[in-house]
Amino acid sequence: MPFIPSAHLVARKPRFRATQFAVFTIILSVIFLSASLATAQKVELSLDASKSGAKISRNLFGQFAEHLGHGIYDGIWVGPDSTIPNTRGIRNDVVAALRAIKVPDVRWPGGCFADEYHWRNGIGPQRAVTLNPNWGGVIEPNTFGTHEFMDFINQIGAEAYVSINVGSGTRHEAADWLEYMTTAQPTTLQKERAANGHSAPYKVAFLGIGNESWDCGGNMTPDYYLDQLKAYSHFVRNYNPTQQTNDQMLKIAVGPGGSGPRWTEWTDTIMKAYQNHTWSWDIDGLSMHNYTVVKWPPSFKSVGFGETEYAQILKDTLGMDSLIKEQSAIMDKYDPQKKVALVIDEWGAWYEPLPGSNPGFLVQQNSMRDAILAALNLNIFARHADRVRMANIAQMINVLQAMIITDKEKMVLTPTYYVFKMYLPFQDAAFVPVTFDAGTYQHDGITLPRVDAIAAKAADGKLWLEVTNLDPNQSAEIEVNLSGASAKSASGETLTAAKVDSVNSFDAPNTVVPKPVSTRAQGGKLTLKLEPKSVTVLSLEQ
Ligand code: AHR
């Protein structure tokens with residue numbers, strides 16, 4: 001071995017190490033790449049488009065907007081004098097974003113707020129200033145009332161789902177509200193509506209008869225609520241001439257808020273009575289509320305969490321399926337023809353309020369986990385589309401699992417918003433059964449299906465497929481088989497992010513946004529690799 005001065009040794013050693021390191025890195029990357037390719041789980045999906053089933057009602061993609069925190073004020077309403085661009089006081093940016101996801105209906109004014117809402121406070125030039133005892137005890141200016149709500153839904157192209165006050169109001173008050181909104185006859189209430197700027201009747205497509213009447217809506221027993229329901233259903237009439245034969249207003253009764261005897265008794269009481277109902281009362285829907293919360297009070301963080309919390313929340317959200325099955329079984333007993341819809345008019349993730357926010361305002365972030373959660377729930381609703389014909393995510397703007405977050409003039413669209421956008425082709429499409437072996441994703445003792453999928457045929461005959469890869473670490477390679485045909489290509493969009501808790505912020509609004517994907521069949525096989533923790537919607541070309 002030649003003599004090498006120590007200075008050279010010092011100089012050469014790092015170079016030698018750098019080379020070694022580079023080779024080592026390349027070898028490692030190759031191993032890692034082939035490992036990730038090898039571990040991309042193969043999932044075969046088989047679709048039979050000739051077996052299309054129930055219509056996936058567009059109303060499954062409905063929204064809920066309550067007078068709560070910044071859901072209405074700042075989120076929708078900024079007032080006509082605001083420097084934020086608006087049309088008659090309603091934010092233009094929010095309207096444009098909501099039009100783009102074709103919101104079918106908006107449930108308003110609550111929630112718990114609805115059972116303390118007195119509609120007269122929200123009409124006319126002089127608005128009563130009241131309080132919002134449910135949500136932080138803040139001032140309710142009532143500047144957003146009936147006319148502003150109707151203007152808003154008209155601007156976004158949605159229908160009205162109005163919840164009437166059964167808790168602290170009267171039948172008389174609710175009946176007057178409906179007459180005020182819907183009559184075309186020259187009654188005193190019609191003239192008052194015309195004087196307030198709208199002579200033509202409004203359309204009220206859906207009527208919620210109370211909200212959580214077993215809790216914030218009056219703590220009623222099932223029997224007591226049933227008596228209320230019958231009377232309200234009879235007296236609260238819709239007079240809109242265009243809704244007398246076709247397009248009748250659908251009446252939605254308060255239903256269960258969970259699983260177990262308390263809730264099965266509630267549903268049993270209402271549905272048993274419905275089976276024997278007389279001409280003088282009727283319902284078209286039974287509501288169900290189910291939040292993904294794991295434990296009460298909500299303590300899961302909406303951002304800054306890890307894989308364990310990701311898996312725990314998704315596990316909890318999948319419970320929606322058994323809840324629907326439990327309630328549907330009771331409904332089937334009394335209503336085998338499925339005339340009464342199960343309306344899941346409050347659903348979504350409910351986390352700990354963001355630090356520094358008013359706890360009564362239910363402010364939380366919205367991450368990649370929420371996008372997966374939304375897709376899983378929408379898929380569950382679609383699988384039960386024969387009974388579940390309406391759902392309203394809680395809540396549309398700035399509250400709970402929101403589509404949109406605003407701060408003064410700023411607005412950002414959440415990962416959940418993008419899921420609703422990607423699912424547009426499923427609105428009113430016919431459910432197509434898809435079979436697959438979901439496999440499992442396991443973490444920290446929690447086992448979840450690795451993938452989830454639904455398919456549907458749109459009115460124009462196009463075939464659509466959605467696949468969710470729940471596994472946050474491994475990609476999934478899907479192979480699509482069409483019964484009696486061969487899929488030639490597929491194209492669409494995929495939504496994923498670097499981390500399970502990645503969010504869109506005002507500074508980085510495009511962190512979690514869909515990107516295009518496409519594939520062509522090779523050797524008669526149509527395959528596509530889905531990224532970890534992703535939601536993908538594809539149209540299939542035959
Ligand atoms: O969405 C927030 C609240 O949750 C609603 O006001 C109430 O109906 C439910 O308990």
Side-chain angles (χ1 to χ4, degrees), residues 62-73 75-76 105-117 130-138 140 144 149 161-169 206-220 225 252-259 262-263 266 285-300 302 316-317 320 323 342-354 357-364 366 370 373-374 377 390-405 414 416:
Q63 301 286 330
F64 172 35
E66 180 167 14
H67 286 241
L68 193 175
H70 295 296
I72 302 286
Y73 300 108
I76 299 172
D105 63 87
V106 181
R107 180 173 181 251
W108 174 85
C112 296
F113 181 85
D115 276 305
E116 298 192 50
Y117 183 61
T130 56
L131 293 171
N132 189 337
N134 282 291
W135 305 117
V138 295
E140 166 58 56
F144 189 89
F149 170 67
Y161 177 3
V162 173
S163 282
I164 50 172
N165 181 344
V166 172
S168 68
F206 308 98
L207 186 79
I209 304 180
N211 168 76
E212 297 192 356
S213 304
W214 30 262
D215 189 33
C216 68
N219 268 295
M220 300 174 191
Y225 173 72
I252 297 160
V254 168
S259 102
R262 180 180 174 202
W263 305 114
W266 186 282
L286 181 75
S287 107
M288 180 170 95
H289 290 180
N290 179 44
Y291 285 96
T292 300
V293 62
V294 182
K295 57 183 172 184
W296 199 261
S299 56
F300 275 63
S302 57
D316 191 78
T317 217
M320 179 68 90
L323 212 52
L342 185 60
V343 174
I344 305 176
D345 51 15
E346 286 188 33
W347 69 274
W350 191 326
Y351 303 125
E352 183 184 82
L354 280 183
S357 67
N358 182 333
F361 284 11
L362 312 187
V363 178
Q364 62 190 44
N366 195 297
D370 296 300
L373 183 155
N377 279 280
M390 189 166 179
N392 301 74
I393 190 167
Q395 297 193 6
M396 190 162 62
I397 305 166
N398 292 331
V399 178
L400 299 175
Q401 189 173 346
M403 304 290 115
I404 296 174
I405 297 175
T414 66
T416 301

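All heavy atoms count here, side chains included; hydrogens, waters and symmetry mates do not. As the structure lists them, so they are numbered: ligands from 1, and atoms in each ligand from 1. By convention here, the first residue in the shown sequence is residue 1.
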Using a 4.0 Å cut-off to any heavy atom of F64, which atoms of ligand 1 qualify?
1 (O)

Heavy atom of the protein closest to atom 6 (O) of ligand 1 (residue, atom name, distance)
E66 OE1, 2.7 Å

Heavy-atom distances under 4.0 Å decide this one: backbone, side chain, both or neither, for N211 against ligand 1?
side chain

Does the side chain of S163 pick up a donor-acceptor pair with the side chain of N211 at under 3.5 Å?
no

Of the backbone atoms (N, CA, C, O) and the side-chain heavy atoms from C-beta on, which set of V399 has a member under 4.0 Å from an atom of ligand 1: side chain, backbone, both, or neither?
neither

Mark up the atoms of ligand 1 that fall under 4.0 Å of a heavy atom belonging to Q395, in ascending order.
1 (O), 2 (C)

I'd like to know if W135 contacts ligand 1, where contact means a heavy-atom distance under 4.0 Å to any ligand atom.
yes

Do N392 side-chain atoms and D345 backbone N/O form a donor-acceptor pair below 3.5 Å?
no

Can any side-chain N or O of E66 pair as donor or acceptor with the backbone N or O of V399 at less than 3.5 Å?
no

Would you say the side-chain atoms of W266 pair up with the backbone N or O of V254, donor to acceptor, closer than 3.5 Å?
yes

Do T414 side-chain atoms and M403 backbone N/O form a donor-acceptor pair below 3.5 Å?
yes

Separation between CD1 of I393 and CG of D370, rounded to the nearest 0.5 Å:
8.5 Å

Measure the acute angle between the ring planes of H67 and F113, then classify it against the limits of 30° and 60° as parallel, tilted or perpendicular.
parallel

For G111, the ligand 1 atoms with a heavy-atom partner under 4.0 Å come out as 5 (C), 6 (O), 8 (O)

N/O separation below 3.5 Å, E212 to ligand 1:
yes

Where does F113 meet ligand 1, judged by heavy-atom distances below 4.0 Å: at the side chain, the backbone, both, or neither?
neither

Show the atoms of ligand 1 that are less than 4.0 angstrom away from any heavy atom in Y291.
1 (O), 2 (C), 4 (O)

Can you tell me which portion of W347 lies within the under-4.0 Å heavy-atom range of ligand 1? Options are side chain, backbone, both, or neither.
neither

Enumerated ligand 1 atoms positioned under 4.0 Å from heavy atoms of E346:
1 (O), 3 (C), 4 (O), 5 (C), 7 (C), 8 (O), 9 (C)

Under 3.5 Å: donor-acceptor pair, side chain of N165, backbone of Y117:
yes

